[in-house]
Amino acid sequence: MKGYGGRILFVDVTRGTSRVEALGEETARALLGGNGLAARLLLDHVPAGVDPYDAANAVVFAVGPVTDTTVPGNSRACVASKSPLTGLFFDSTFGGRWPATMKRTGFDALVITGQAPGPVYLKVGEAGVEVKPADSLWGKTTRDTVHAIQSVEGAETDVMAIGPAGERRVRFACLATYWKNREGVAGRGGIGAVLGAKRVKAVVVTGGLKTGIADPAALRALLDEKREPLTTGTKALSTYGTSFLVKPINTLGALGAYNLRQETFAEALAISGEEMHARYHARDTTCLKCPVACGKQYEIRDGELSGLKAKMPEYETIFAFGSMLGNAHAGSLAKANDLCDLLGMDTITMGVTLSFVAEALERGWLTPDEIGVPFGWGDWRGMLRLVEMTAAREGFGDRLAEGAWRLAESVHPEATKTVYAVKRLELPAHSARALKGMSIGYATATRGGSHQDTRPTPQYAQGYDRRGTDGKPEFAIRSQHFTAVDDSLVLCRFTSERGFGLFVEEPYARMVRAITGWDMSVEELERVGERVINLERLFNVREGVRREDDTLPWRVMHEPIPDGPSAGMHCPPEELSAMLDRYYALRGWDTDGVPTKARLSTLGLA
Ligand code: SF4
């Protein structure tokens, strides 16, 4: 098969054994790879109802036909598991060099099950896997772990590691890889904690196999055609990184602030990409073979954090630690981001959980004594201390490590009404009130509060009706099919959306045809997206998800935006209910949100 290694590697870390299965062409064509393959593998291999920390849960790493080709943004992989935060299917993609190196091992997917008797790391090469002791790495940060392993295994290896947060089962623990200071962080939803429960500190990849391309000339022609739109479309990303979004989204009245009590932030300029770029930019960083270089390395040159060299906080992180906390101290955003990356935690969940705490303190649901350190709106020093305490599960950090929803349940009967989360996953910085496509998008997302299921990008375009509900269920479905295909290819969202299109369209079909040689139509590719979404839904339905779970934060449904250009917008329950009716009908699901046999049969899943 062109575009594939054609093998799946299964590792049981309890016994230290492994086996290899062939990846058949029929499966590859039906699911592509990455997200699609991971959904199939988790549905088949993780028993229903299993605790995410049980040895029987699996962590899947998967690449796709686009990985390690010449397509810009090709060094991308998917990691997936049953989430300890949501209890549901969870997948996440990441860049750097690790994904291309995994493809060169000749394995399209790696499935890790079991629980090792002591800390280990896995070294995956062309010949299979070695399970190696990692006692000396336990307790180390993600970056120190990566460097320590590379010093033993060689600089050409790539390492994806958990930090102390994953070891301590923080429910939103992540994994991180480092390549030439380009960090790739993945696994919000707590995949780092699942690996920690398995006592797997890191996954190391090394290999030299080349990805075969069926029609290199056709692929070259497609890339030549898309070079200019890609360059133009990614200009702001190349210059500032995702932080360029702060100003326009604040201007739209869609930048959540003060735990979503507002959707404008008076001090947004101070934490905007333009301002931080001018003050802190040191250099650009990029994933392997990507011309966009959206990563920025900052150097803090003023104030008490002066001297800090750290990655630029992404837009979502600026929202979570900045506007949501009423915090305009730009340097502290870089520091909080750095701490989360090193300790291995998701910045969105961490920041949004802290914004809940700030409001809970104000309402008297929590007391300063319980928190143990000075903290409140805009208190960035307390914020940084609480980040460290969370990773260590120290003092109040032990409760923060459970995420906003579980924390709220423990403080007051009314408190979950103020949590910005869907399916217990905290929402990112694309408003569920000001963008009606995100309202239905978040409610129906497999992961809950994720902007990588339904995409906000098309909804910011000039002329897009972000206020009305007309056509929004249709939009969410098309967008979800696109993200499922994109994450199955696996391709970077930025290069794909800006270079090849916002939905499943002809350029993607051309890409798949050129790489694999299959006669893939746009219609067939769209059905791949639908198949992947249905597999994820089947996983979640098996865990008990039904219509009542496809909901929105209380505040989004009951409190209109009070300020700014989007004032008055929200998504009342009856409006959401009408959109859900239409969404389920279009999907061929029953009125409770369960896929029907008829639709599953059409997709080859029954
Ligand atoms: S656009 Fe950014 S995230 Fe995507 S591949 Fe390029 S450098 Fe990596």
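Each ligand, and each atom within it, is numbered from 1 in the order the structure gives. Residue indices begin at 1 and follow the sequence shown.
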Can we call the ring centroids of [X] and [Y] under 6.0 Å apart?
X    : Y    : answer
W98  : Y178 : no
W179 : F94  : no
F475 : Y464 : yes

Check: Considering only the protein, which heavy-atom contact is closest to atom 2 (Fe) of ligand 1, and what is its distance?
Finding: C294 SG, 2.3 Å
Notebook entry, point to check: Looking only at protein heavy atoms, which one is nearest to atom 4 (Fe) of ligand 1, and how far off is it?
Noted result: C492 SG, 2.3 Å
Under 4.0 Å from any heavy atom of [X], which atoms of ligand 1 are there?
X    : result
C290 : 1 (S), 5 (S), 6 (Fe), 7 (S)
G73  : 5 (S)
V292 : 1 (S)
T286 : 7 (S)

Margin query: Taking 2.8 Å as the cut-off, does C287 contribute an N, O or S atom near atom 2 (Fe) of ligand 1, distance below it?
Written below: no
Margin query: So that I can tick it off, tell me whether E299 and R283 are bridged by a salt bridge, with the cut-off set at under 4.0 angstrom between side-chain N and carboxylate O.
Written below: no
Margin query: Over 60° means perpendicular and under 30° means parallel, so tell me whether Y240 and H277 are parallel, tilted or perpendicular.
Written below: perpendicular
